[in-house]
**Student:** 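Could you have a look at this structure, given as structure tokens, before my questions?
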Amino acid sequence: MRKKESAQVEMDLKKIFLTPPNTRRENITLLVMMVVLFVMFFGPICFTELHPVKAILLSSFPALSVSWGWIVLLRSLFRKSEFCR
């Protein structure tokens, strides 16, 4: 029996992290994730005595970062060939 030879592939991390969403599916995924996470983070904050602008900023930063991390994860799993060196 012959063993399968595994090829080592280097991922271009700068390209994965810094390339803006360039497909329609990525744009829709990013938008949906941002909206869902914003609502999740803003829900508990809106009942506090914070100023509305501060509450929006406090919930938008984690929503943006988690959404972008999700896009990076999906790129590294499903579009690996586009982000190889």
Side-chain angles (χ1 to χ4, degrees):
M1 288 182 88
R2 281 188 140 174
K3 283 187 175 181
K4 286 186 178 179
E5 291 185 30
S6 61
Q8 296 246 341
V9 177
E10 285 188 38
M11 299 295 288
D12 190 3
L13 293 179
K14 279 186 182 177
K15 191 174 178 182
I16 287 178
F17 277 95
L18 300 178
T19 304
N22 53 7
T23 63
R24 186 178 197 136
R25 180 174 284 170
E26 275 188 352
N27 287 332
I28 292 170
T29 304
L30 185 63
L31 181 67
V32 168
M33 286 297 296
M34 283 181 6
V35 168
V36 167
L37 288 169
F38 179 80
V39 169
M40 284 174 52
F41 287 120
F42 187 71
I45 292 177
C46 71
F47 297 112
T48 62
E49 294 183 16
L50 283 176
H51 192 267
V53 174
K54 190 173 183 178
I56 289 171
L57 288 175
L58 280 174
S59 47
S60 65
F61 287 128
L64 287 171
S65 62
V66 172
S67 300
W68 190 252
W70 184 253
I71 290 294
V72 169
L73 175 70
L74 291 176
R75 282 179 175 176
S76 68
L77 292 176
F78 298 114
R79 295 177 56 198
K80 201 175 286 189
S81 62
E82 294 178 32
F83 297 102
C84 293
R85 289 188 191 185

**Student:** Hey, does Ile45 have a side-chain heavy atom less than 4.5 Å from the side chain of Thr48?
**Tutor:** yes
**Student:** Within this structure, what is the CG-CZ distance for the pair Leu30 and Arg25, rounded to the nearest 0.5 Å?
**Tutor:**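 Rounded to the nearest 0.5 Å, the CG-CZ separation comes out at 14.5 Å.
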**Student:** Just by modelled atom types, is the Phe41 backbone N or O under 3.5 Å from a matching donor or acceptor in the Ser59 side chain?
**Tutor:**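 A pair under 3.5 Å: no.
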**Student:** Roughly how far, to the nearest 0.5 Å, is the CZ atom of Phe17 from the CD1 atom of Ile71?
**Tutor:** 12.5 Å
**Student:** Determine, using the 4.5 Å side-chain heavy-atom cutoff (strictly less than), whether Leu77 and Trp70 are members of one ILVMFWY cluster.
**Tutor:**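 Yes, same cluster.
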**Student:** Measure from the side-chain N and O atoms of Thr19 to the backbone N and O of Ile16, and report whether any donor-acceptor pair falls under 3.5 Å.
**Tutor:** no
**Student:** Let me check something: do Ile28 and Met33 share a hydrophobic cluster, defined by ILVMFWY side-chain heavy atoms less than 4.5 Å apart, either directly or through other members?
**Tutor:** yes
**Student:** State whether the number of non-hydrogen atoms from other residues, nucleotides or ligands found under 6.0 Å of Trp68 atom CH2 is greater than 12.
**Tutor:**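 Buried by this count: over 12 neighbours within 6.0 Å.
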**Student:** When you group the ILVMFWY residues by side-chain heavy-atom contacts below 4.5 Å and let the links chain together, are Phe38 and Val53 in the same group?
**Tutor:**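 They do not share one cluster, since no chain of ILVMFWY contacts under 4.5 Å joins Val53 to Phe38.
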**Student:** Tell me, yes or no, whether the heavy-atom count around Arg79 atom CZ, taken from other residues, nucleotides or ligands under 6.0 Å, exceeds 12.
**Tutor:** yes
**Student:** Is there a chain of hydrophobic side chains (I, L, V, M, F, W, Y, each step under 4.5 Å between heavy atoms) that links Leu73 to Leu18?
**Tutor:**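 Per the 4.5 Å side-chain linkage, Leu73 and Leu18 are not co-clustered.
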**Student:** So how far is it from Leu58 CG to His51 NE2, rounded to the nearest 0.5 Å?
**Tutor:** 12.5 Å
**Student:** Give the cluster check for Val32 versus Met40: same hydrophobic cluster or not, with ILVMFWY residues linked at side-chain heavy-atom distances below 4.5 Å.
**Tutor:**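 Val32 clusters together with Met40.
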**Student:** Apply the test side-chain contact (heavy atoms from CB on, under 4.5 Å) to residues Glu26 and Arg75: give CA-CA distance (whole Å), side-chain angles for both, the deciding distance (0.1 Å), then the verdict.
**Tutor:** CA-CA 9 Å; Glu26 275 188 352; Arg75 282 179 175 176; 2.8 Å; yes
**Student:** Tell me if a side-chain donor or acceptor on Ser67 pairs with a main-chain N or O of Leu64 at a distance below 3.5 Å.
**Tutor:**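 Not at all, since once roles are kept as given, no pair shorter than 3.5 Å links the two residues.
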**Student:** Supply the atom-to-atom distance Ser60 OG to Leu37 CG, rounded to the nearest 0.5 angstrom.
**Tutor:**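 Taking OG in Ser60 and CG in Leu37, the distance rounds to 12.0 Å.
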